Enquirer: 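My questions will all concern the structure given below.
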Amino acid sequence: MMIQRHSRRQSVESKKKMNSRGQEKSNVMVAVRVRPLNEAEQMRGEQSVILCPDKRHLQLSQSGQDRLFTFDAVLGPETSQEEVFQACQVKKIVDMATQGCSCTVFAFGQTGSGKTYTVTGPHAELDGPWDPSYHGLIQRCLSHLLGLVHSAGGGITLRASYLEIYNEQVQDLLDPRPRHPLPVRGSRACGFRVENLSELELHSLDDITKLLEGLRNRHTSSHRQNERSSRGHAILTIHINRTGAKDTEGGATQGKLRLVDLAGSERVKETGNEAELLEETGNINRSLLALGKCIAALVNAKGKNKHVPCRDSKLTKLLSDSLGGNGVTLMIACVSPTAACLPETLNTLYYSSRARRIRPWPITNRLDQKEKLLSTLQRENRLLRRENLLLRQRLFTSQEASKTGLEEKHAGRGRSEPTTEEQVGPTRPGSSPCHGSCQLQELSQEKDTLQQDKLELLDCQESSDQQRKPQSEENAQLLCKLEDLRREISSPLPPPSPPCDSPRVCLSSISLKGVGSCPSMHCAHHPSTFLPPLHPHCLLEQCHHCHWHPLRCFCFFPAVCPLQSCPQPPLGLCRQRYSSTCESLPHLGVSCVSRRRKQRVVLPPLQALSLDTEPRDPMEKAKARLDHCTCVSDPGSAPLCRMRSQFQHVSYAEVFLENGGSSVRRAHALPLMSRGRVTPSAPPLPVIAPTPFSSRSEGQRRTVEHAQGI
Ligand SMILES: Nc1ncnc2c1ncn2[C@@H]1O[C@H](COP(=O)(O)OP(=O)(O)OP(=O)(O)O)[C@@H](O)[C@H]1O
């Protein structure tokens with residue numbers, strides 16, 4: 001037997017329905033009930049500011065201005081409980097629930113506006129004998145349902161649960177034990193549900209009385225606006241299971257009817273609540289606000305990707321399928337008639353007008369894997385239950401037969417006229433009473449296991465949902481970091497040094513970055529700072545670089561180090577002094593960008609050189625300018641590149657040799673900059689003395705000669 005998803009079909013069908021203005025019809029019906037002035041208000045001489053000109057309109061008179069509101073039903077102060085039941089078409093809603101719909105009726109409004117009165121009847125009724133004319137919606141719905149059950153002659157089962165959300169905690173109103181909070185679990189397949197909530201099967205009026213006993217367990221207190229104010233939201237849920245209904249395509253249906261009495265919105269100034277009541281007020285208003293947000297989201301959302309913030313409170317979680325889901329909802333807005341309550345009344349009316357615009361939730365008929373599994377398990381359970389019942393009946397019949405001594409006669413008749421029942425009944429091999437009871441036990445165990453499995457599945461899904469949340473947050477953070485890194489990597493780097501064609505034209509040696517795989521250098525002041533290698537063809541310039549540059553270079557390859565006169569050959573430490581005049585010169589700082597780490601490395605200061613006397617020869621001038629540029633700027637910088645193109649044939653070594661160091665007289669001091677701030681320079685290094693040309697090695701000399709074009 002297939003479980004009919006009538007509720008889904010209903011919503012899909014209702015989606016197509018249009019109202020007279022051609023707009024999509026809402027599946028939320030809104031009625032407004034105005035309570036009469038109470039004794040205290042009459043004593044104070046207060047007047048009603050609400051008029052109900054007809055059954056669909058409500059008029060508010062405020063300081064000479066009238067406002068007209070339209071609703072599905074407007075119930076004036078004289079409307080009786082029975083009239084409310086009829087005018088709001090609650091009977092029809094109950095009928096829909098028996099056909100498999102998920103239906104909800106809830107009352108909301110300001111504190112003391114008559115919500116509890118509408119849903120359950122006057123408080124006095126709880127204490128004394130119940131007068132049927134004061135019965136609220138709950139009693140009327142239940143008695144109508146029981147009538148349907150009896151007229152159907154079986155096949156409909158009613159199970160009821162009753163809970164209260166008090167201070168954001170769910171409590172079972174049917175549980176006589178001391179109150180304890182129950183957890184609310186959610187799953188995509190089943191929506192939100194309260195765990196360990198007790199259920200009561202309803203068969204007769206006595207059961208209804210038992211159910212209503214739960215009302216006594218509600219939290220109530222007294223404040224200025226209501227002597228017996230509800231401090232929490234009460235939700236009564238009736239599960240209506242129908243098996244094999246002929247008029248519903250021969251299938252079973254699972255309907256649900258919810259009757260909700262919300263706690264009233266309160267203004268602390270008007271209720272005069274303090275301490276504990278203040279906390280309750282806060283929780284009530286918060287959850288009502290969350291409900292308002294859900295309604296707003298449902299009204300404003302367009303398209304399939306609606307996000308309804310139903311996880312914001314327990315109330316919205318439990319009402320999520322009533323508001324936005326596939327069911328039919330009746331909202332009864334209760335308002336007080338006095339001028340003092342006007343702001344709250346207006347709020348309630350705006351809230352209700354907005355709820356009228358909730359459009360049906362777009363639902364596809366596709367069942368996902370879990371839903372399918374769930375429905376299969378439910379079907380199996382139902383079959384098992386039926387089989388159990390059948391076996392019990394058989395067991396009972398066979399026991400009766402053995403008692404009266406008619407067993408043989410019965411068996412003989414069974415052999416001559418075998419019936420379908422007997423084929424699966426006691427005449428089957430191994431169908432003794434003992435066997436029957438064993439089978440019963442097995443089946444019930446199997447059923448329990450199935451139920452257990454189902455619960456575990458639901459828990460698993462929920463825990464995986466919870467686990468996924470921090471992971472996705474971490475993912476987002478990692479993605480951000482990755483994006484930062486990517487941005488940093490893709491930021492423009494200084495242009496690479498041009499390839500070295502010949503030692504004569506190579507200027508890259510002057511660069512601290514260098515290219516190729518020639519000996520690397522360590523900064524003497526920053527031994528841990530690794531300087532990328534210099535160009536292999538530029539050993540001479542490198543050595544000059546050592547002279548010019550106040551860095552002391554540690555050569556990793558002493559065997560190939562051209563500075564064989566290094567006093568410490570193992571490390572190729574260049575200690576030659578270039579010029580004593582340098583001692584009096586200020587130092588220049590240079591920041592070197594290490595390509596690998598993309599960090600700005602602050603090197604010990606360089607000596608920036610310029611010619612104190614302007615050379616006369618234009619070629620000399622150019623060389624001097626080149627010298628100066630090479631020392632103080634990045635070799636890849638624009639001026640230097642220009643100069644390179646102009647004087648490709650002039651090598652740095654040549655200039656150096658021609659000047660012989662004597663032209664160096666002055667240096668400019670520049671601040672060291674690192675990422676926009678001034679970085680203190682490393683202490684100046686000892687000035688390095690120059691190596692006399694004659695004392696240079698053969699290799700060096702050859703390279704210099706080569707560089708000079710000799
Ligand atoms: N339609 C009505 N006819 C007569 N009396 C009413 C009506 N509505 C409400 N009352 C009375 O007004 C008082 C407040 O009603 P009720 O407790 O139902 O308000 P409420 O909205 O549930 O308040 P709260 O939110 O504080 O629980 C009660 O004494 C109730 O009997």
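Order of listing sets the numbers, starting from 1, for every ligand and every atom in it. Since this is a predicted model, take the numbers as computed values, not measurements.
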Enquirer: Hey, can you tell me if Phe106 and Phe108 have their rings parallel, tilted or perpendicular (30° and 60° cut-offs)?
Expert: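 Correct class here is tilted.
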
Enquirer: Nearest non-hydrogen atom to atom 27 (O) of ligand 1 belongs to which of Ala234, Gly121, Ser230?
Expert: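 Looking at heavy atoms only, the winner is Ser230.
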
Enquirer: Is ligand 1 under 4.0 Å from a heavy atom in the side chain of Pro36, in the backbone, in both, or in neither?
Expert: side chain

Enquirer: Does Ser113 have a non-hydrogen atom less than 4.0 Å from ligand 1?
Expert: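 Within the 4.0 Å threshold, so yes.
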
Enquirer: Determine whether Asp172 and Ser198 satisfy the following criterion, side-chain hydrogen bond (donor to acceptor under 3.5 Å, both in side chains), listing intermediate values before the conclusion.
Expert: CA-CA 7 Å; Asp172 191 348; Ser198 48; 2.4 Å; yes

Enquirer: Using distance alone, determine whether Leu262 and ligand 1 share an N or O pair under 3.5 Å.
Expert: no

Enquirer: Which option wins on minimum heavy-atom distance to atom 7 (C) of ligand 1: Tyr117, Phe108, Tyr134?
Expert: Tyr117

Enquirer: State, yes or no, whether a side-chain contact exists between Glu82 and Arg140 at a heavy-atom distance under 4.5 Å.
Expert: yes

Enquirer: Under 4.0 Å from ligand 1, counting heavy atoms only, is it the side chain of Asn226, its backbone, both or neither?
Expert: side chain

Enquirer: Would you say CD of Glu199 has more than 12 non-hydrogen atoms from neighbouring residues, nucleotides or ligands within 6.0 angstrom?
Expert: yes

Enquirer: Less than 4.0 Å from atom 29 (O) of ligand 1, is there any heavy atom belonging to the protein?
Expert: no

Enquirer: Counting only nitrogen or oxygen atoms and a 3.5 angstrom limit, does Pro122 reach ligand 1?
Expert: no

Enquirer: When you check the gap from the basic side-chain N to the acidic O, do Lys92 and Asp95 get nearer than 4.0 Å?
Expert: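 So Lys92 does not pair with Asp95 through a salt bridge.
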
Enquirer: State, to 0.1 Å, how close Tyr162 and Leu197 come at their nearest heavy-atom pair, and which atoms those are.
Expert: O-CD1, 4.5 Å

Enquirer: Considering non-hydrogen atoms of the protein only, which is the closest contact for atom 17 (O) of ligand 1, and what is the distance?
Expert: His123 NE2, 3.0 Å

Enquirer: For ligand 1 and Pro77, I'd like to know whether there is a polar contact (N/O to N/O, distance under 3.5 Å).
Expert: no

Enquirer: Kindly confirm or rule out an N or O of Asp261 lying under 3.5 angstrom from an N or O of ligand 1.
Expert: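 Looking only at distances, the answer is no, because the N/O contact criterion of under 3.5 Å is not met.
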
Enquirer: Could you give the distance from OG1 (Thr157) to CD (Gln254), rounded to the nearest 0.5 Å?
Expert: 9.0 Å

Enquirer: Among all protein heavy atoms in this structure, tell me which lies nearest to atom 9 (C) of ligand 1, with the distance rounded to 0.1 Å.
Expert: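 Closest protein heavy atom to atom 9 (C) of ligand 1: Gly114 CA, 3.4 Å.
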
Enquirer: If I take atom OG from residue Ser80 and atom NE2 from residue His135, how far apart are they, to the nearest 0.5 angstrom?
Expert: 13.5 Å

Enquirer: Has Arg159 got a side-chain atom pairing as donor or acceptor with Leu200's backbone, closer than 3.5 angstrom?
Expert: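 No; judged by distance alone, with no hydrogens or angles, the pair does not exist.
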
Enquirer: Tell me, which protein residue and heavy-atom name are nearest atom 12 (O) of ligand 1, and how many Å apart are they?
Expert: Arg35 CD, 4.1 Å

Enquirer: Against Val105, only a single residue in Thr118, Val260, Ile138, Leu137 fulfils side-chain contact (heavy atoms from CB on, under 4.5 Å); can you say which?
Expert: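 For Val105, the side-chain contact (heavy atoms from CB on, under 4.5 Å) check succeeds only for Leu137.
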
Enquirer: Give the numbers and elements of all ligand 1 atoms closer than 4.0 Å to a heavy atom of Gly264.
Expert: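 Taking each heavy atom of Gly264 in turn, ligand 1 has 25 (O) under 4.0 Å.
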
Enquirer: How far is atom 22 (O) of ligand 1 from its nearest protein heavy atom, and which residue and atom name does that atom have?
Expert: Thr116 OG1, 2.7 Å

Enquirer: Note the single closest protein heavy atom to atom 25 (O) of ligand 1, along with its residue, its atom name and the distance in Å.
Expert: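 Minimum-distance protein heavy atom for atom 25 (O) of ligand 1 reads Lys115 NZ, 2.8 Å.
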
Enquirer: Can a salt bridge be assigned to the pair Arg216 and Glu213 using a cut-off of 4.0 Å between side-chain N and carboxylate O?
Expert: yes

Enquirer: Tell me, please: is Gln110 in heavy-atom contact with ligand 1, that is, under 4.0 Å?
Expert: yes

Enquirer: Could you tell me whether the side chain of Leu291 reaches within less than 4.5 Å of the side chain of Leu262, counting heavy atoms only?
Expert: yes

Enquirer: Mind checking whether Gly109 has a heavy atom under 4.0 Å from ligand 1?
Expert: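 Contact absent.
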
Enquirer: Non-hydrogen atoms of Arg33 versus ligand 1: any pair closer than 4.0 Å?
Expert: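 Yes.
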
